[in-house]
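Just below is one structure, and these are the notes that go with it.
These figures come from a predicted structure and were not determined experimentally. Along the sequence shown, the residues carry numbers beginning at 1. Read the numbers this way: they start at 1 and go in the same order the structure lists the ligands and their atoms.
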Amino acid sequence: MDLGEFQIPGNSDPNQKTSHLSLDIGGSLIKLVYFSTNDGDDDDELGRSGKGSVGVSNGNRSFPVLKGRLHFSKFETRKINDCLDFIQTKRLHIGGCQLLGALPIEKTIIKATGGGAYKYADLFKEKLGICLDKEDEMDCLVAGANFLLKAVHQEAFTYLDGKKEFVQIDHNDLYPYLLVNIGSGVSMIKVEGDGKFERVSGTNVGGGTFWGLGRLLTKCKSFDELLELSHQGNNRVIDMLVGDIYGGTDYSKVGLSSTTIASSFGKAISDKKELQDYRPEDIARSLLRMISNNIGQIAYLNALRFGLKRIFFGGFFIRGHAYTMDTIAVAVHFWSKGEAKAMFLRHEGFLGALGAFMSYEKHGLDDLMVHHLTQKFPMSSLVGDKICSPLNGELNDNESIECSVYAS
Ligand SMILES: Nc1ncnc2c1ncn2[C@@H]1O[C@H](COP(=O)(O)OP(=O)(O)O)[C@@H](O)[C@H]1O
Ligand SMILES: CC(C)(COP(=O)(O)O)[C@@H](O)C(=O)NCCC(=O)O
């Protein structure tokens, strides 16, 4: 068995070995997933055979099973050098996946997806001496989502009226569903099985739009600052409501209440105010609501197009943010008259990177298959209208979860 295990210099745990680094290099963020084992790990009822590995039989084949952790990290794509430094310092590239008989470095292959796998291939070769083995972005998103929905307990949840509820996924009744990945832009994918999918729609109004416009309009220095700001804002200051147009009353004939947003940012037409006269928090709130609502609505229309009842939302735009999820869920609920359900994923931003990780197995470079993940962190709790969880905000940036993999 060669899992390309290497010790990580500078790591607080000298016994830790890493392997199978996978990357998703998107328009806004670079996501990393890698696997580590610990020499010192003790196990377990299965009867351990050293170095974190145990043997199990699966049908006709007997697989060694490695116990370890999957690690998740992210960097802003505009700061790609920080990511390269991180990989180099931790020597994650060395434990990528080396072809048998290859000289170290020379033929190290790292699975990578996202547009940046093309754009930055030369940079990775030049700086780290590694070849990015490109995997299709949609293939990876779907593989990552299917894997999470099947292997991770309490991965998917609904969010409505400030209430989060985990959804029990029946493996035999998972398909079909609509996967909406809200990254820089938005992709909508009808998923009918493992590797069986079609990208049915998309929109260019996505996470990049929120962050880009928000940065220009509010002068925020980071995405999280913008998100935090939106928390304190009131969108009604700047959005034109049905009541603003109808003299304070509902437009009940078509089912529009006076508080429904008739036109996002519409009040700015007649307010005789300049940008600086609006509070940045109100602008941030209005922008977040406009974009989330729009994505929720387009997602529902696509679900309707294909008769899909379940819509899973992923991508780092969501960021486990209560107001974002609430707006998307309300849009889906409203337009579907309660027929369709918006569901969110705890590892929302890592679908592509996980899919790339899974693809090490597909290509026979190394027979690797994650078959079980166990989360050891406490579950989320709600404080005010914000979910506080180890998977939220910055806390999910350097998270790791226990898992075991088949390897040969
Ligand atoms: N720390 C962050 N920096 C920049 N954007 C962030 C951050 N956290 C969340 N986002 C949001 O997530 C989006 C990127 O989501 P992601 O799924 O990583 O897509 P991509 O693959 O296009 O980078 C950004 O456009 C932004 O809206
Ligand atoms: C081009 C992309 C697939 C790239 O993925 P991303 O880096 O945004 O995650 C995505 O931005 C997208 O689907 N944009 C919307 C394009 C459209 O359908 O209009």
_Check against ring-ring contact (aromatic ring centres under 6.0 Å, His included), F350 and F316_ = CA-CA 8 Å; F350 288 100; F316 252 123; 5.3 Å; yes

*Check whether any side-chain heavy atom of Y251 lies under 4.5 Å from a side-chain heavy atom of I245, and answer yes or no.*
no

*Does D24 reach ligand 1 with a nitrogen or oxygen that is under 3.5 Å from one of the ligand's nitrogen or oxygen atoms?*
no

_Any protein heavy atom at under 4.0 Å, with atom 15 (C) of ligand 2 as the reference point?_
yes

_Please check whether G183 reaches ligand 2 - meaning an N/O of the residue sits under 3.5 Å from an N/O of the ligand, judged on distance alone._
no

_Sub-4.0 Å heavy-atom approach of K74 to ligand 1_ = yes

*For ligand 1, find out whether one of its N or O atoms is nearer than 3.5 Å to an N or O atom of R319.*
yes

_I need the atoms of ligand 2 closer than 4.0 Å to a non-hydrogen atom of S184, numbered in the order shown._
8 (O)

*Based purely on interatomic distance, does G26 place a nitrogen or oxygen under 3.5 Å from a nitrogen or oxygen of ligand 2?*
no

_Is there a polar contact between ligand 1 and G207, counting only N or O atoms under 3.5 Å apart?_
yes

*Less than 4.5 Å apart, any side-chain heavy atom of I182 and any of I318?*
yes

*Which ligand 2 atoms are under 4.0 Å away from a heavy-atom of G185?*
8 (O), 11 (O), 14 (N)

_Do S187 and R199 pair up side chain to side chain, a donor and an acceptor below 3.5 Å, judged on atom types alone?_
yes

*Can you list the ligand 2 atoms lying under 4.0 Å from a non-hydrogen atom of V186?*
12 (C), 13 (O), 14 (N), 15 (C)

_Heavy atoms only: which of S184, G183, G185 lies closest to atom 22 (O) of ligand 1?_
S184

*Could you check which of F350, F223, W211 puts a non-hydrogen atom nearest to atom 6 (C) of ligand 1?*
F223

*Report yes if E137 has an N/O atom closer than 3.5 Å to an N/O atom of ligand 2; otherwise report no.*
yes

*Nitrogen or oxygen of L29 less than 3.5 angstrom from that of ligand 1*: yes

*asked:* Side chain, backbone, both or neither: which applies to R199 and ligand 2 if a contact is any heavy-atom pair less than 4.0 Å apart?
replied: side chain

_ligand 1-proximal atoms of F316, by part, heavy-atom distance under 4.0 Å_ = both

